[in-house]
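Numbers for residues simply follow the sequence, beginning at 1. Bear in mind the structure is a predicted one, so any value in this text is a computation, not a measurement.
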Amino acid sequence: MSVHVLVADDQALVRAGLVALLRAAPGTEVAGEAADGQQAVDLTLAVRPDVVLMDIRMPVIDGIAATRRILGAERASGEEPPKVLVLTTFDLDEHVYAALRAGAAGFLLKETPPARIIAAVEAVAAGDVLLTPRITHRLVEAFRPQRVSGSAVVDALTAREREVLVLVGQGLSNAEIAERFVLSEATVKTHVKRVMGKLGLASRAQAVVWAYESGLVVPGDGTAI
């Protein structure tokens, strides 16, 4: 089954290159192109792609606002939202952090080699979060706001859910968490889904950020408090 991708970038040359790359890759189809954030919102709601490649800096509305509107509208409609994969020039851009909080599934540098872009699209389409622990730590350390208190919400989690959230925050995949706890991946997925539901989160990336902001994971070394 093909992964349908919408490409949103205000630079025509970059957009054309991404479209050509996706069309040439087996298993991916281009669902549409957008030259600004509002077009990205409108087209996404119209064609319902699996993945949106979203540039951060765009006219009319930026990629962060577009991501927030897309995911908010899809959740309100009860539809399964697309995975938003944001594109950026710098890996320490504070806007990347804001995009993750808005619900993006991860981010790519525009200099990423073509094969890795395709692999990233496939990964987020399958439900993975595209964040390495190194990048996550740097983002949270550099750009997080004053740490919020999440103790009341954390108390609503079961002991196992809390343990799973800590490992998600440390960047472990479902398979790695399953191996750590000697569980099936399906069971881990259920725990992650319940955690996200209790915390009101829209993506695994948001769960990673929440784990840091709440103090469950310490920025810089990934250890739990």
Student: So do Q38 and R69 actually touch side chain to side chain, heavy atoms under 4.5 Å?
Tutor: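 Side chain of R69 against side chain of Q38, heavy atoms only: contact under 4.5 Å found.
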
Student: Could you grab the distance from atom CG of L108 to atom CG of L18, nearest 0.5 Å is fine?
Tutor: 9.5 Å

Student: Hey, what do you get for CG (L87) to CZ (R15), rounding to the nearest 0.5 Å?
Tutor: 12.5 Å

Student: Name all residues meeting the side chain to side chain contact (heavy atoms under 4.5 Å, CB included) criterion together with A123; count only those two or more places apart in sequence or in a different chain, and write none if there are none.
Tutor: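 Here the qualifying residues are D128.
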
Student: Does a side-chain heavy-atom distance below 4.5 Å link V168 with V195?
Tutor: no

Student: Measure across P49 and T44 and return the closest heavy-atom pair with its distance rounded to 0.1 Å.
Tutor: CD-O, 3.6 Å

Student: Could you pull out all residues at least two apart from R160 that satisfy side chain to side chain contact (heavy atoms under 4.5 Å, CB included)?
Tutor: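 Scan of R160 (side chain to side chain contact (heavy atoms under 4.5 Å, CB included), adjacent residues dropped) gives T158, E163, V164, F181, L183, H191.
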
Student: Nearest 0.5 Å please: distance from the NZ atom of K193 over to the CG atom of L201.
Tutor: 14.5 Å

Student: Might you point out which heavy atoms bring R204 and L172 nearest each other, and give the distance in Å?
Tutor: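 Scanning both residues completely, I find the closest heavy atoms to be NH2-O, 3.1 Å.
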
Student: Using a strict 4.0 Å threshold on nitrogen-to-oxygen distance, state whether R194 and E161 make a salt bridge.
Tutor: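 Looking at E161 together with R194, the answer is no, because their closest N to O distance does not fall below 4.0 Å.
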
Student: Does atom CD of E176 have more than 12 heavy-atom neighbours from other groups under 6.0 Å away?
Tutor: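 Buried by this count: over 12 neighbours within 6.0 Å.
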
Student: Indicate the atoms forming the closest heavy-atom contact of L85 with F107, along with that distance.
Tutor: CD1-N, 3.8 Å

Student: Quick check: do D36 and D10 have side-chain heavy atoms less than 4.5 Å from each other?
Tutor: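 Answer no - side chains too far apart.
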
Student: Kindly give the heavy-atom pair with the smallest separation between K198 and L157, and that separation in Å.
Tutor: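 Answer, listing the atom of K198 first, then L157: CD-CD2, 3.7 Å.
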
Student: Taking atom CE of M54 and atom CG of D62, what is their separation to the nearest 0.5 Å?
Tutor: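 Here the interatomic distance stands at 9.5 Å.
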
Student: To the nearest 0.5 angstrom, please state how far the OG1 atom of T187 sits from the CD1 atom of I177.
Tutor: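 T187 OG1 to I177 CD1: 12.0 Å, rounded to 0.5 Å.
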
Student: Considering only heavy atoms from C-beta outward, does the side chain of L109 approach that of T88 to under 4.5 Å?
Tutor: yes

Student: List the atom of L71, the atom of A104, and the distance in Å for their closest heavy-atom pair.
Tutor: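 Looking at all heavy atoms of both residues, the closest pair is CD1-N, 4.3 Å.
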
Student: Looking at residues at least two apart in the chain, or sitting in another chain, which of them share a side chain to side chain contact (heavy atoms under 4.5 Å, CB included) with P114?
Tutor: L21

Student: Are K110 and D55 within salt-bridge range, i.e. N to O under 4.0 Å?
Tutor: yes

Student: Search all heavy atoms of E122 against all heavy atoms of P26 and return the closest pair with its distance.
Tutor: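 That would be OE2-O, 4.3 Å.
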
Student: For the atom pair CG (N174) and OG1 (T190), what is the distance rounded to the nearest 0.5 Å?
Tutor: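 Here the interatomic distance stands at 10.0 Å.
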
Student: Looking at side-chain heavy atoms only, is the closest gap between D9 and L53 below 4.5 Å?
Tutor: no

